[in-house]
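Okay, structure first, notes after.
Here is the naming used below: chain letters follow the sequence lines, and residue numbers restart at 1 for every chain.
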Amino acid sequence: GAGVSQTPSNKVTEKGKYVELRCDPISGHTALYWYRQSLGQGPEFLIYFQGTGAADDSGLPNDRFFAVRPEGSVSTLKIQRTERGDSAVYLCASSLYPGSNSPLHFGNGTRLTVT
Amino acid sequence: AQRVTQPEKLLSVFKGAPVELKCNYSYSGSPELFWYVQYSRQRLQLLLRHISRESIKGFTADLNKGETSFHLKKPFAQEEDSAMYYCALSKSFGGAQKLVFGQGTRLTINP
């Protein structure tokens, strides 16, 4: 079946612009996660949704970052006033339920470049 | 603070040789540890969890709480094992998978 889908696969934007990154999780998966991976680093946790609500947003670096999941399926990560330091691969993952018995399924990521 | 350290960025071994990818962690509670793998042009995927105590694709990993390590081992490397490997720690045992990842080790198996 279809895996986690992320669009766009690549996004180039100018410093100061607003961007939206989309994640389509596997159908029926209740838990959804956003991670960010900078060059040469491992993924870094940003935010976790259980259903429609953000259960843990402690990884968001500042208030320029915001994410929603209004119907408990598709999620959008929004970044305002982008900075060059925001350049990274943004990964989305979903799992059937939150616990670690339910494996995380990652998308291919969106590569964001801020010029 | 929780931290995962993978001391080797690159590791190269010959086919048929044993492989050990090192992972050390820093966490005061009871961690749950994982190994994730990313093959060329593929997505990041779970390889194994310490709690499962299973062997996947010939790989095993044992949690050593005394040494705070979770090294990944395979007795005989195969060319298809070439990939990027990440060790990860979950701060919430059995709960939401808010993972802390290491920097990763790129494993190359030479023919």
Side-chain angles (χ1 to χ4, degrees), chain A residues 1-7 9-10 23-26 29-51 53-60 67 69 88-111, chain B residues 1-10 21-25 27 29-54 56 63 70 72 83-106:
Chain A
V4 175
S5 175
Q6 291 188 247
T7 54
S9 55
N10 280 283
C23 172
D24 276 278
I26 293 172
H29 280 197
T30 64
L32 186 145
Y33 302 78
W34 284 98
Y35 283 81
R36 175 170 74 172
Q37 186 169 20
S38 300
L39 192 63
Q41 304 295 317
E44 175 190 20
F45 170 79
L46 295 178
I47 186 169
Y48 150 62
F49 287 89
Q50 176 57 33
D56 188 335
D57 65 357
S58 61
L60 295 178
R69 195 186 184 199
V89 175
Y90 289 80
L91 296 169
C92 178
S94 70
S95 63
L96 189 57
Y97 49 87
S100 57
N101 286 325
S102 182
L104 282 184
H105 295 262
F106 281 86
N108 280 325
T110 293
R111 182 176 299 278
Chain B
Q2 299 83 6
R3 175 176 287 187
V4 175
T5 303
Q6 293 179 249
E8 303 141 327
K9 281 199 168 182
L10 302 171
L21 289 88
K22 291 184 166 50
C23 172
N24 288 90
Y25 67 90
Y27 184 57
S30 292
E32 189 166 7
L33 285 139
F34 306 81
W35 277 98
Y36 278 80
V37 61
Q38 187 166 23
Y39 300 102
S40 179
R41 292 183 292 279
Q42 293 189 28
R43 304 165 186 223
L44 190 62
Q45 59 186 281
L46 177 67
L47 180 61
L48 54 78
R49 306 163 54 205
H50 94 264
I51 199 168
S52 301
R53 302 187 65 82
E54 56 194 346
I56 303 292
L63 178 61
F70 187 57
L72 183 68
M84 193 75 183
Y85 291 80
Y86 294 95
C87 182
L89 174 157
S90 174
K91 295 184 280 187
S92 174
F93 195 101
Q97 298 185 68
K98 187 174 153 183
L99 301 177
V100 176
F101 283 85
Q103 289 187 314
T105 297
R106 182 170 298 283

Results of side-chain hydrogen bond (donor to acceptor under 3.5 Å, both in side chains) for B/R49 - residues two or more places apart only: A/S100, A/N101, B/E32
Test item: A/P43 and B/L44 side chains (from C-beta on) under 4.5 Å apart, heavy atoms: yes
Any A/L104 side-chain heavy atom under 4.5 Å of B/F34 side chain: no
Atom pair OG/CG of A/S95 and B/L46 - distance to nearest 0.5 Å: 11.0 Å
Stepwise ring pair (Phe, Tyr, Trp, His ring centres under 6.0 Å) check, A/Y35 with B/F101: CA-CA 10 Å; A/Y35 283 81; B/F101 283 85; 5.8 Å; yes
Side chain to side chain, B/Y86 and A/Q41, heavy atoms closer than 4.5 Å: no
Choice from B/L99, B/V100, B/V4 maximising heavy atom contacts with chain A below 4.5 Å: B/L99
Under 4.5 Å from a heavy atom of chain B, the part of A/Q50 involved: neither
A/P98 side chain near B/Q97 side chain, heavy-atom distance below 4.5 Å: no
Nearest atoms (heavy-atom pairs only) where A/N108 meets B/R43: OD1-CG, 2.9 Å
